[in-house]
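This report refers to the structure that appears directly beneath it.
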Amino acid sequence: MRVPGEAHHACDTSLQRAARTKLEDQMTAPIVSDSVRAANVALQETLPFDDTQDFEDARRGFIGRLDPCVVRAADGRVVWDNESYRAFLQGEAPASVNPSLWRQSILNAVDGLFEVVPGIYQVRGFDLSNITFVEGTTGVLVIDPLISTETAAAALSLYRKHRGERPVVGVIYTHSHVDHFAGVKGITTQADVDAGRCPIIAPDGFLEHAVSENIYAGTAMTRRAAYMYGPVLARGPEGQVGAGLGQTTSIGTISLIAPTDVIVATGEKRVVDGIRMEFQVTPGTEAPAEMNLLFPDHRALCMAENATHVLHNILTIRGALVRDARTWSRHITEAIELFGDRADVEFASHHWPTWGRERYIAYLELQRDLYSYLHDQTLRLLNKGLTGIEIAEEIELPPALEQAWHARGYYGSVSHNVKAIYQRYLGWYDGNPAHLWQHVPVEAGRRYVAAMGGADAVLAHARAAFDEGDFRWVAELVNHLVFAEPDNAAAKALQADALEQLGFGSENGTWRSAYLSGAVELRHGSFGTPVLTSSPDFLGALTPEQIFDAIAIRVDGPRAWGERLSIGVTLTDTGESWRLDLRNGVLVHRRAAVEGVDVAIGTTRAALPLLLAGTTDGAAIDGDASVLARLLGVLEAPDPDFAIVTP
Ligand SMILES: [Zn+2]
């Protein structure tokens with residue numbers, strides 16, 4: 001992480017200096033502070049590292065692996081490389097990695113084809129998520145075909161190598177997140193789906209939610225996701241070690257085929273190629289559209305992403321709409337009631353299965369308790385007047401949850417989840433009017449730096465805090481200086497050092513990547529958005545209203561204050577029509593007959609997404625075409641390179 005030869009700040013402890021002398025022989029390794037070392041050692045002593053059941057479960061049923069576990073795109077580009085993790089994730093945790101996260105990453109790096117029960121197989125370690133294969137009379141049903149067509153195809157090929165050339169006779173999307181559907185064209189085709197040879201079953205609301213996140217806040221989420229998953233970080237003990245939920249996201253071709261069969265209600269059943277399934281819909285849990293399902297003949301329960309071997313996110317740090325911990329917990333209770341007597345094994349679309357009824361019920365009950373505890377205790381404490389950051393420090397999990405590996409905060413964390421629950425009920429404002437109208441970071445930074453006696457005084461305070469191991473305070477102090485003086489190299493270097501220590505201490509994989517990514521940008525400048533996720537399939541799945549909304553949020557308000565125009569849009573193949581009005585910097589749309597507008601556009605459903613790209617090629621234009629140019633003139637493209645750790 002640290003560039004060889006780069007100047008270090010002047011006040012390391014003697015032990016750090018000694019460590020650095022040793023480490024500099026290796027030329028690249030950064031210093032791990034005494035306090036982070038001590039905290040990592042302490043954790044080693046408080047957690048049940050002698051409980052190795054997870055390692056047994058992660059390897060149970062192993063059939064074979066892809067060797068090396070590297071997947072490339074057609075042009076040779078590597079889209080998945082699990083060997084880069086296997087190369088270093090072994091043995092004891094190094095000082096620069098939280099030992100609990102290290103353990104989780106070793107488990108997540110186990111890859112291959114595994115038998116869950118006879119007839120149900122999983123390929124794990126081929127992407128952030130798992131892909132599951134259920135054998136029918138003639139073919140195979142696929143659950144959650146990963147993120148990329150390349151990784152999904154490689155997983156299917158590994159499955160077929162060991163289980164025979166079975167055709168894909170159906171697909172289940174358990175929920176609307178990209179790691180559970182976007183590789184679908186690696187395992188089937190639109191033609192097979194259209195011909196009825198491969199039904200695609202998904203929960204109600206799947207399609208709308210699958211694409212809507214990318215439309216509204218997608219640019220910001222994708223930029224922030226680069227901090228959260230750390231794709232620019234080197235993989236290794238000083239860099240990215242895993243995301244907790246899985247190692248990282250693949251970077252291949254993403255695709256989407258719309259579901260052909262939607263599950264609306266709990267209790268619905270389906271049979272595909274002789275495979276019987278019973279569904280429980282769980283909207284508003286881990287995803288807005290999600291479902292669990294039982295395979296009664298296999299006595300196997302699929303919990304989608306509603307129970308995994310992490311404390312999951314109530315609010316992911318890349319940003320999203322906040323989830324409902326209470327609903328989530330209740331749906332786990334319902335799953336136990338519905339299916340608990342009819343399954344002997346539980347599996348999910350991340351991590352390894354849990355075998356034995358007693359064990360998986362105990363596991364589900366703890367997961368249920370975890371989300372309920374966070375929810376209820378946050379509400380108890382906020383009703384005593386504590387704010388989000390105070391609850392995050394105050395709350396402690398009961399011992400049984402604290403000691404359960406699957407309840408540890410590798411992906412979500414107690415800290416950011418309780419703030420999310422606070423946010424869900426009370427919003428961003430903590431009720432203290434001192435926080436109602438604060439200065440923006442640059443203005444606050446200038447004032448703090450001046451009040452503290454200038455940049456040198458801030459740095460001296462911060463270095464003293466660094467030596468005491470109070471990296472959180474360093475980050476807060478120096479952030480003011482970096483925002484006041486973005487060219488202050490000493491400030492940026494010290495801030496990077498502090499974020500790095502926070503990363504080395506983090507049990508949460510996404511926190512670690514966020515801290516280390518921030519350090520990289522402070523040292524080397526912005527890396528922008530290194531992984532872009534878009535697909536013509538996604539655009540094609542947008543509803544007309546989503547397309548109009550996407551245009552509306554690009555209107556540069558002030559520039560459009562004086563514009564008044566109206567546009568009619570008619571879909572020539574479906575006969576539907578809308579009226580769009582731009583006024584007061586707002587582009588509103590409603591279903592309406594096209595009459596009395598400045599200009600009318602006639603286009604097809606398939607060509608409608610072209611409007612998003614600012615083109616009306618192929619469309620019939622009736623009326624004043626210059627109106628369209630005026631609309632285009634007030635649209636602004638989002639910025640995928642916006643600054644985060646600097647102003
Ligand atoms: Zn997932």
Side-chain angles (χ1 to χ4, degrees), residues 58 80 82 104-105 107-109 111 122-132 142-149 151-152 155 171-184 186-187 202-203 205-206 209-214 221-222 224-225 228-231 242-252 254-256 282-293 302-321 323 328 331-332 335 346-353 367 371 406 409-413 417 508-510 513 531 533 538:
W80 180 255
N82 199 44
Q104 179 80 355
S105 293
L107 287 163
N108 280 337
D111 66 56
Q122 286 191 313
V123 171
R124 301 198 287 269
F126 271 51
D127 211 315
L128 184 72
S129 41
N130 298 337
I131 182 170
T132 304
V142 178
I143 306 174
D144 288 359
L146 307 179
I147 295 176
S148 303
T149 58
T151 52
V171 176
I172 306 269
Y173 301 146
T174 61
H175 63 290
S176 52
H177 290 156
V178 70
D179 52 323
H180 301 270
F181 66 82
V184 64
I187 54 135
F206 168 89
H209 291 295
V211 295
S212 67
E213 267 198 353
N214 297 307
M221 286 178 181
T222 312
R224 291 167 52 142
M228 172 177 174
Y229 291 106
L245 188 66
Q247 288 305 71
T248 189
T249 53
S250 67
I251 48 168
I254 60 176
S255 64
L256 174 60
T282 65
T285 51
E286 188 266 335
E290 187 149 356
M291 61 186 187
N292 301 327
L293 65 156
C302 173
M303 284 296 289
E305 198 164 330
N306 283 315
T308 55
H309 289 265
V310 290
L311 164 56
H312 211 293
N313 276 308
I314 303 302
L315 180 53
T316 166
I317 63 168
R318 72 171 157 80
L321 294 178
R323 298 164 190 163
W328 194 331
H331 278 301
I332 297 176
E346 178 275 350
F347 64 95
S349 291
H350 292 273
H351 304 128
W352 46 93
Q367 285 274 306
Y371 296 112
H406 63 82
Y410 302 117
Y411 193 56
S413 71
N417 277 345
N508 186 291
T510 68
S513 289
V531 182
T533 50
F538 283 35

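Start at 1 and go down the list; that is how both ligands and their atoms are numbered. Keep in mind it's a predicted model, so treat the numbers as computed, not measured.
Listed by chain and number, the residues in a ring pair (Phe, Tyr, Trp, His ring centres under 6.0 Å) with His177 are His175 (sequence neighbours excluded).
Ring geometry for Tyr411 against His312 counts as perpendicular: the plane angle is over 60°, on a 0 to 90° scale with 30° as the lower cut. Using the six-membered ring where Trp is involved, His406 and His309 have ring planes that are perpendicular, over 60° apart on the 30 and 60° scheme.
Among protein atoms, those of element N, O or S found less than 2.8 Å away from the Zn ion (ligand 1) are Asp179 OD2, His180 NE2, Glu305 OE1, His350 NE2.
For the side chain to side chain contact (heavy atoms under 4.5 Å, CB included) criterion with Glu290, the lone passing option out of Met303, His331, His180, Glu305 is Glu305.
A distance of 8.5 Å separates CD of Gln104 from CD of Gln247, quoted to the nearest 0.5 Å.
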Asn306/Thr285 under side-chain hydrogen bond (donor to acceptor under 3.5 Å, both in side chains): CA gap, chis, key distance, verdict: CA-CA 7 Å; Asn306 283 315; Thr285 51; 2.9 Å; yes
